[in-house]
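Numbering of ligands and ligand atoms starts at 1, following listing order.
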Amino acid sequence: MVTAITGSGYGDEGKGKITDFLAEKADIVVRYQGGANAGHTIVNNFGKFILRMLPSGVFHSNVENVIASGVAFDADIFFSELEMLKERGVPVPKVLVSSRAQLLLPVHKLQDKFEEERLGENKFGSTLSGIWPFYSDKFARKNIQISELYSENLGSIVSRFCEDKNIYFKAFYGVETAVSYRETMNYLSCLKSRLAPYLCDCPYYMNDAIKQGKEILLESQLGSLRDIENGIYPYSTSSSPLAGFGSVSAGIPPYEIKSVISVVKAYNTSVGEGPLVGELSGSTADELRKRGGAQGEFGAATGRPRRMAWFDCVSARYGCMLQGATELALTNLDVLGYLDKIPVCVSYKTGRKITKNFPQTFQLSESQPVYEYLKGWKSDISECRQYSGLPKEAKNYIGFIEKEIGAPVSIISVGPKRNQTIFR
Ligand code: GDP
């Protein structure tokens, strides 16, 4: 059976933790989208880890971890993460990479950096991981697919790639030679032998696994509101974190995804540029940021402080609708234990209108949150392992979210560690 684990917000909902937890009973964990621009934080018996490229099933030696075709494959990060796991005593994981995935190359990162510098004050707040140059080259059909490393035509493919890049860099940034053919060929010839043991023909591999009845988890990066099609464009990412894209990237039929677990955080965070309705400031934001996540709400890959808001039913409902959430995993519930009453944004005031629907991106900056206040539980629930053991106010908070979103909360996370999880 195929289950997708996705985020319903702006990312950083705790998908890594939930995937690591559920991978215990899985055969295959597939990372289907994005690149090394965001990290999944995982805290388990091996320690605390931040994975930017590897699927979150790598801590389970029985799990096959697949990087699917739709991922912006950064080979440097891939190998450095494998090395890091080895150094930290994690048994060598089983990892496969789709030969149809494309290579994110150092020149993509350079382009990302030059463009942010060119944009100055109007910059996107990119993590400089080369993601948008990678995806724009992908849709312009200029990237190098991993399988092409083994093609006799590699020389002419690389020559065309370098020529295009150099014309672009000269025109946009006045740089004479951004990328050299010889260096690129050397880099790729190293990759060719290093990558060979990991490659798989992803669509065949995945469809065979489905026929064999394997338990498969599809894992996304970022969340619905960063979706390139339906998110806060242009402050979206350059790919689709939606469960639907999981089937495209893995090469499997959409109807095989039987369950979609949308991970929602008990409050709202966003990192980088773009609108965030109800963004908190001052000591309210600082307090929540300090208490949130594993060690405060700071970007896993970048260390940037996350922007904070209370739980937002409008964006979460929209995000879950886009994912097709069949159930919810509610994370970071423990974090709210310090509050007497908990504000929850139930609708937006956009201009003169009160709406429960997520507005167009340009209307978000003129939208104000309309809050309801729920009673806090004023206690530490991080040791709680049974739903029945939760305070009634916490149960009420969970019930409120279920009703607002229209899907059941089946997993409740009360801390960053794998075992701080309640199955309902
Ligand atoms: P992801 O990219 O969706 O996996 O999320 P990140 O790893 O970027 O951010 C989630 C943060 O919340 C990390 O610091 C996690 O360790 C942490 N986390 C996950 N679940 C919980 C939870 O239930 N409680 C607390 N306190 N932290 C959590």
Any N/O of [X] closer than 3.5 Å to an N/O of ligand 1?
X      : value
Gly296 : no
Val43  : no
Ser413 : yes
Gly293 : yes
Gly415 : yes

Side-chain polar contacts of residues 86-93 - donor-acceptor pairs under 3.5 angstrom, sequence neighbours left out - could you list them?
unit_1	atom_1	unit_2	atom_2	d
Arg88	NH1	Lys48	O	2.8
Arg88	NH2	Lys48	O	3.1

Which of the numbered atoms in ligand 1 are below 4.0 angstrom from a heavy atom of [X]?
X      : value
His40  : 1 (P), 2 (O), 4 (O), 7 (O)
Lys15  : 1 (P), 2 (O), 3 (O), 4 (O)
Lys17  : 20 (N)
Ala294 : 14 (O), 16 (O), 17 (C), 27 (N)

### Contact summary for Val271 and Pro305, nearest pair of heavy atoms
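Closest approach of Val271 to Pro305: CG2-O, 4.1 Å.
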#### Entry: Closest approach of Leu218 to Ala250 (non-hydrogen atoms, all atoms of both residues)
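Scanning both residues, the minimum pair turns out to be CD2-CB, 4.4 Å.
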Work out whether the distance between some heavy atom of [X] and some atom of ligand 1 is less than 4.0 Å.
X     : value
Gly39 : yes
Ala38 : no
Arg52 : no

### Cationic N near anionic O, under 4.0 Å, Glu116 to Lys123
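Salt bridge: no.
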### Task
Identify whether the distance between the nearest side-chain nitrogen and carboxylate oxygen of Arg52 and Asp74 falls below 4.0 Å.
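No, this pair does not count.
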Give a yes or no on whether the ring-centroid distance for [X] and [Y] is below 6.0 angstrom.
X      : Y      : result
Phe172 : Phe114 : no
Phe423 : Tyr387 : no
Phe59  : Phe49  : yes

### Query
Among Arg306, Glu219, Glu13, Arg291, which residue places a heavy atom closest to atom 8 (O) of ligand 1?
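It is Arg306 whose heavy atom sits nearest to atom 8 (O) of ligand 1.
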### Message
Just to be sure I'm reading this right: ignoring hydrogens, which of Asn332, Leu330, Thr269 gets closest to atom 18 (N) of ligand 1? Compare them by their nearest heavy atoms.
### Response
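Residue with the shortest heavy-atom distance to the ligand atom: Asn332.
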Part of [X] with heavy atoms under 4.0 Å of ligand 1, whether side chain, backbone, both or neither:
X      : answer
Lys48  : neither
Asp334 : side chain
Val335 : side chain

### Query
Can you name the side chain to side chain donor-acceptor pair (under 3.5 Å) partners of Arg194, sequence neighbours left out?
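Partners of Arg194 by the side chain to side chain donor-acceptor pair (under 3.5 Å) criterion come out as none, since no residue qualifies.
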### Task
Check step by step if salt bridge (Lys or Arg N to Asp or Glu O under 4.0 Å) holds for Glu13 and Lys265.
CA-CA 5 Å; Glu13 299 91 350; Lys265 210 175 205 170; over 6 Å; no
### Query
Within 45° of the six-membered ring axis of Tyr338 and under 6.0 Å from that ring's centre, is NZ or CZ of Lys378 located there?
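Pair Lys378/Tyr338 does not count as cation-pi.
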